[in-house]
Colleague: 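Structure incoming, see below.
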Amino acid sequence: MPDFPMRRLAGVMLLALGIALGGCEDDPVVPDPEPEVATMRLTIGAQTIDIDDTGVVTGGPIAMSANTAISVQWLKANGTPETIVTAAEFQLDVTTDNASVVTFPRSTAFTGNLVKAAAGSTILRFSLFHIIEGHPDFGPFPVNVTVS
């Protein structure tokens, strides 16, 4: 008779172990949502330039005669800011076809300066770079710049 309670206890313990192990499956990895950027709004000194998700530039080309502050906003299709785009995961990338004309030293993830190196023309390429994933999520899109 003492054997019966031990078998019952062993059965309950095995059932509990099975339930516990069944709940230990790895949760499926849910990917971070991708930003829904429709427009990159650049403020370059007093100039505002919009670049849409097809690369159409409105308000360009960039014209500068001295070092000029630059900042960016990432907007959804309805014109509101894309809140998924944070400095913890993203940054504005600016590359130049000719660094002997203008360069871009970054100040923060979404600000910096266009630094005049010499008079001339070149193309700057702007993108929203996803730091963690190591790739652009928007762009790069070219914008002509003339430095006088």
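Predicted, not measured: the structure shown is a model, and the values here were computed from it.
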Colleague: Among pairs that include at least one residue of residues 91-115, which meet salt bridge (Lys or Arg N to Asp or Glu O under 4.0 Å), considering only residues two or more places apart or in two chains?
Modeller: Asp93-Arg106, Asp97-Arg125
Colleague: Run the numbers on Thr95 and Leu124 for side chain to side chain contact (heavy atoms under 4.5 Å, CB included), then give the verdict.
Modeller: CA-CA 6 Å; Thr95 59; Leu124 293 175; over 6 Å; no
Colleague: For the backbone of His135 and the side chain of Glu133, can you confirm whether one donor and one acceptor N or O come within less than 3.5 Å of each other?
Modeller: no
Colleague: Could you measure the distance from the CG atom of Leu92 to the OG1 atom of Thr111? Nearest 0.5 Å is fine.
Modeller: 9.0 Å
Colleague: Can you list every pair that meets side-chain hydrogen bond (donor to acceptor under 3.5 Å, both in side chains) and has a residue in residues 57-73, with sequence neighbours left out?
Modeller: none
Colleague: Of all the heavy-atom pairs spanning Leu128 and Pro35, show the shortest one and how long it is.
Modeller: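 Smallest interatomic distance, heavy atoms only, reads CD2-CG, 4.3 Å.
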Colleague: Answer whether the closest heavy-atom distance between the side chains of Val37 and Asp137 falls below 4.5 Å.
Modeller: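 Side chain of Val37 against side chain of Asp137, heavy atoms only: no contact under 4.5 Å found.
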Colleague: So which atom in Ser107 and which in Asn113 form the shortest heavy-atom distance, rounded to 0.1 Å?
Modeller: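 Closest approach of Ser107 to Asn113: OG-ND2, 3.9 Å.
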Colleague: Distance check, rounded to the nearest 0.5 Å: Glu89 atom CD versus Ile132 atom CD1?
Modeller: 3.5 Å
Colleague: Kindly indicate whether the side chain of Arg41, heavy atoms from C-beta on, has any atom under 4.5 Å from the side chain of Val72.
Modeller: no
Colleague: Supply the atom-to-atom distance Asp53 CG to Thr39 OG1, rounded to the nearest 0.5 angstrom.
Modeller: 7.0 Å
Colleague: Hey, could you give me the CD1/CG distance between Ile123 and Asn144, rounded to the nearest 0.5 Å?
Modeller: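 So the CD1 of Ile123 and the CG of Asn144 are separated by 5.0 Å.
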Colleague: Look at the side-chain heavy atoms of Ile, Leu, Val, Met, Phe, Trp and Tyr, link any pair under 4.5 Å apart, and say whether Ile49 and Val115 land in one connected group.
Modeller: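 No, separate clusters.
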Colleague: Grab the two heavy atoms, one from Ile62 and one from Phe126, that are nearest each other, plus how far apart they are.
Modeller: CD1-CZ, 3.9 Å
Colleague: In Å and rounded to the nearest 0.5 Å, what is the CE to OG distance from Met40 to Ser127?
Modeller: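 The distance works out to 6.5 Å.
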Colleague: Atom CZ in Phe138, atom CZ in Phe129: separation rounded to 0.5 Å?
Modeller: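 Those atoms lie 16.0 Å apart.
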Colleague: Tell me the ring pair (Phe, Tyr, Trp, His ring centres under 6.0 Å) pairs involving residues 75-107, sequence neighbours left out?
Modeller: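 For residues 75-107: Phe90-His130.
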Colleague: Is a side-chain N or O of Lys76 found less than 3.5 angstrom from the main chain of Thr83, in a donor-acceptor match?
Modeller: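 Not at all, since once roles are kept as given, no pair shorter than 3.5 Å links the two residues.
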Colleague: Kindly work out whether a path of hydrophobic side-chain contacts (I/L/V/M/F/W/Y, heavy atoms less than 4.5 Å apart) joins Leu114 to Val57.
Modeller: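 Same cluster.
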Colleague: Hey, are Thr96 and Asn98 close enough side-chain-wise for a donor-acceptor pair under 3.5 Å?
Modeller: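 No donor-acceptor contact under 3.5 Å links the two side chains.
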Colleague: Is there a path of hydrophobic side-chain contacts, each under 4.5 Å between heavy atoms of I/L/V/M/F/W/Y residues, joining Val101 to Ile70?
Modeller: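 Yes, one cluster joins them.
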Colleague: Would Ile44 end up clustered with Phe110 when hydrophobic side chains under 4.5 Å apart are linked, directly or stepwise?
Modeller: yes
Colleague: Which atom names give the shortest non-hydrogen contact between Val85 and Trp74, and what distance separates them?
Modeller: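 Of all heavy-atom pairs spanning Val85 and Trp74, the closest is CG1-CD1, 3.4 Å.
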Colleague: Can you establish whether the number of heavy atoms outside Glu36 located under 6.0 Å from its atom CD is more than 12?
Modeller: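 Not buried by this count: 12 neighbours or fewer within 6.0 Å.
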Colleague: Using the rule given for side chain to side chain contact (heavy atoms under 4.5 Å, CB included), can you reason through Glu82 versus Leu75, listing the C-alpha separation, both sets of side-chain angles and the distance that settles it, and then say yes or no?
Modeller: CA-CA 5 Å; Glu82 175 51 273; Leu75 305 175; over 6 Å; no
